Each structure stands twice: as C-alpha cells, then as structure tokens.
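Structure first, commentary second.
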Amino acid sequence: MEYHLTTPLKKEDILKFNTGDVVYISGTIFTARDEAHARILELTEKGEELPFDLEGSVIYHCGPLMQKREEKWEVVAAGPTTSARMSKMTPLLLEKHNVLALIGKGGMTNVSEALEDSCVYLAFTGGCAALAAENIKNVPTVHWLDLGMPEAVWELTVENFGPLIVGIDTKCNDLFSEIEERAGKVLSDLRI
Amino acid sequence: MSDISHNDVVSATVDILKSAETVLPEDVVNSLKAAKQKESSSVAKAQLEAILKNIEIAGKSGIPMCQDTGILIFFVEIGREVRLDFDLEDAIIEGVRQATESIPLRPNAVHPLTRNNKGDNVGDGIPDIKYDFIEGDRIKITVAPKGAGSENMSALKMFNPTETEQIKRFILETVLNAGGKPCPPIVVGVGIGGSFDKAARLAKSALLEDMDKMDEFEKDILGDINSLGIGPMGLGGDTTALAVHVKKAFCHTASLPVAVNIQCWANRHASAVLGGDE
C-alpha cells in the first residue's frame, strides 16, 4: 500500500500501516538525534516545557547540513542518520510525548513494544541527503543550536517527503529484525 | 626546490573535497548500477534507484551526496625529490577550513568527551593525515571522507596465530551485526596482519581499491556476505555488499590482528597530484 499523510498525524492514520508499506509525509517534521533526545528527556523529567510541540509529531533522525543565507537557514543536505543509536531513549520519549512517527535508517533495537499501538518507524534510504533536501521546502526555525548543527532540533517543512518504507508497524512487526534473524540463520548454516 | 606552494596545497585540498563529497568515483557508480540490474527484490531495487537518483542530484547541483560529510581522512604520498618550504599539514588543515565554509561541509569534528564542536572540522588529530614516501618529484593527496554510520559498525580482533580459519566468520559476523545500520550496500575493507593499529590502517586503505578488482578470496567472501540477504538499507535483497578488499602485512609470530572497516555505498574519495614536469 501507498499512503500520503499531512502533519499533525492522527493515530488512526498510522494504525493501518503494515511493514513494507510506502508512505509520503507533508507538513512539519522535527530533526532529533542523540543529544536532542537526551535533552528532551532531561527537560521532561524536570517537568519543564519543550520549546516545540511534539503532539502528533514526526521525529526525523537526522543531523542536517545547513547553510545560512541572508539570515535565513537553508537545507543543503539532510538524509537520515542511524536510528539504532536512539533505541534506548525512544521508549521513554514515546511514554512522555505523543510522537506518532519516527523517520530514520537502519532500524532500531528492542523498540517494537514501545511502538505498539502508538507510533511507527519509517525508513528513508540512507545517505540520500540530496534527494531528501529536494522535498524539504522551508526551515521555519531551529532549537538548541548550542548542541551544534547536527545535534540541534531543526523544524522542517516538507512536501511529499519519501518514499518511506514502514520498517516497524504498530502491531510489533519489525522488518529489520526479521531480515537480520534470517541472515543470522544463513550464517550459522554456512559451512565456513 | 619544488615549485609547489602553500596555496597550491590549500586549493587542491578544497578541490578534492568538493569532488569527493559531490561526485562518486565511476567504478562505485557502475557497481551500484550493476547491482540494481541484478536485484530480484522490488524494495531493494527501489532503494538502489533512490541512491542513483541521489547521486545524480548531488552531482548536478554540486551539493554533498550525504549530509554526513564525514571525518576527513587524508592519504598523502610525497615524492622523495620534493622539497617544501612550508608546513604541508598546515596547508591541508587550511584547505579543510575553507572547504567546510565553501562547499559547505557539516561540522562533524567534536572533542571526544565534552562533545564541543568548534565548527570547522579541525581539532587535535583531525583531519587525520597519513604520509607515505614514494619515488619522484610529485605529491599526491587523496581524501576519503568517512561517515560515522558505517565507521561505527567496524571491528578489530586480535586472533591467536593458529586461528586463520576463523577470519572469514569474523568478517561475516561483523557484517551481520551491522545489518542495515551502515547504509548497505557496503564495501568491506579488511586488514590482516601488521599490528593493532596497522591492521586498521590496512583495512581503511583497502577501501580505496578499484571496486572490480577482487581476487578469489575476496570474491568468495563477497558471495557469502550477499547470501545473508540483508540487502540495501537492511530491507532485504541480493546486494548487501558491492565489494570486499583485503590487504595483508607481516605480523608478529605470536599475533594475528584482523580489522574490518565497513564503508557505506557512498565510497567517497578523490585525489590530486601536485608538482612534476607538467
């Protein structure tokens, strides 16, 4: 199946996704990787408000390459980063915030329970930063630039951002771990 | 005296960085195209199509093909007849600073513990520059920007000398553990022998080898890797790796170091030659 969605997402939109489906997203997405995840969790724990609204949001595991032209930030290249690094912080993030989709690459470890009935993981082709940049139309604002360009939270306006492959759906199906499991079996059967 | 100047090295450094970040070497592109032709999985084919389209956009627009413009690794070959009246390392560093602004490159270099980012891709030990001396009156500068997604999936093991039979399994296990994380289809650089650090350096320099030139041992490992079915981006398929390159060095009789350096599909590198008669 192929789906075209606009943010803020609604839960019923994502519940129907199955692994292998193709999704395109339009609207607003927030970049967040290691340091941003750590800060979101730290502020949430202290009960402090975040400077951006994660309700029904889409988080993009991405450390973009940006350029400031005439006081305005522009995207140069913005492909996905390795999502697995955010695996440990993701369950707590989803417990505290109603994030409905994660975009990244390479899959995540032990998150399918945390995603059950609440969030989907979408894979964008890794390294395709020039391709991704074509579908990012605007950079309304940036938060936490003190973390450095790759680690800051960039608000991006996207149009038909994709193709995204549903890697982990809301029913605990994980395409990446299925393939890795199969690969592990092939290796143990190899006579080498 | 050679007539290579500080400015020559600075501008050559900027040029090869621009080229490496925006245009993939022809052998790598051809290898990706061949993989797309052979793929039986439609999801895998779509991933390879996206990669090829991305390469095209990056080349046409002169923008980096990946936002991870890497940590900058230089291999410099210096002809023994070359005499320089300036600091070569200073010139390369200046080139990195200028390229970071002008291309631009993502500032990736941070302090290992404070994670402080100065913003110019320069810091203690970075860019990483390896020097070799060769015959002649030229300097060849090669840059290989290395992204962290694939670098983080690399591994090194100190085997016992009698365990040569286990090397292949170690390479395959490293690829399996990496799964979709290093942006497959990958290139696998292997260093066998030398010392702890030499093995890693051999593995890294193996990534610069011509994609198609593989011996039987390398082809054999490649076949086994692709039988795993991890596929482009770990979404399944026939192409997990595009090439395997192995470099060897003599080692201590009591040791057998093996390093496996994983490289994403964006096997970026470019070179410039300075000096000589032309």
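Predicted, not measured: the structure shown is a model, and the values here were computed from it.
Here the CD1-CD distance, from B/I103 to B/E21, works out to 6.0 Å after rounding to the nearest 0.5 Å.
Residues A/T81 and A/K105 have side chains that never bring a donor and an acceptor to within less than 3.5 angstrom of each other. A/N138 and A/K72 share a donor-acceptor pair across their side chains, judged by distance under 3.5 Å alone. B/Q263 and B/S150 share no side-chain donor-acceptor pair at under 3.5 Å. No hydrogens or angles considered: nothing links the side chains of B/T100 and B/D120 as a donor-acceptor pair under 3.5 Å. Inspection of the A/S112 and A/D174 side chains reveals no N or O donor paired with an N or O acceptor under 3.5 Å.
Neither the backbone nor the side chain of A/E178 comes within contact range of chain B, judged by heavy atoms closer than 4.5 Å. Of the two parts of A/E180, the backbone and the side chain both hold a non-hydrogen atom closer than 4.5 Å to a non-hydrogen atom of chain B. Heavy atoms of A/I165 lying under 4.5 Å from chain B belong exclusively to its side chain. With a 4.5 Å cut-off on non-hydrogen atoms, A/E35 touches chain B through its side chain but not through its backbone.
Applying a 4.5 Å heavy-atom cutoff, the residues of residues 234-246 of chain B that approach chain A are B/G234, B/L235, B/G236.
By the 30° and 60° cut-offs, the orientation of the rings of A/F17 relative to A/Y3 is tilted.
For the options B/A266, B/P104, B/G119, B/G180, heavy-atom pairs under 4.5 Å to chain A are most numerous at B/P104.
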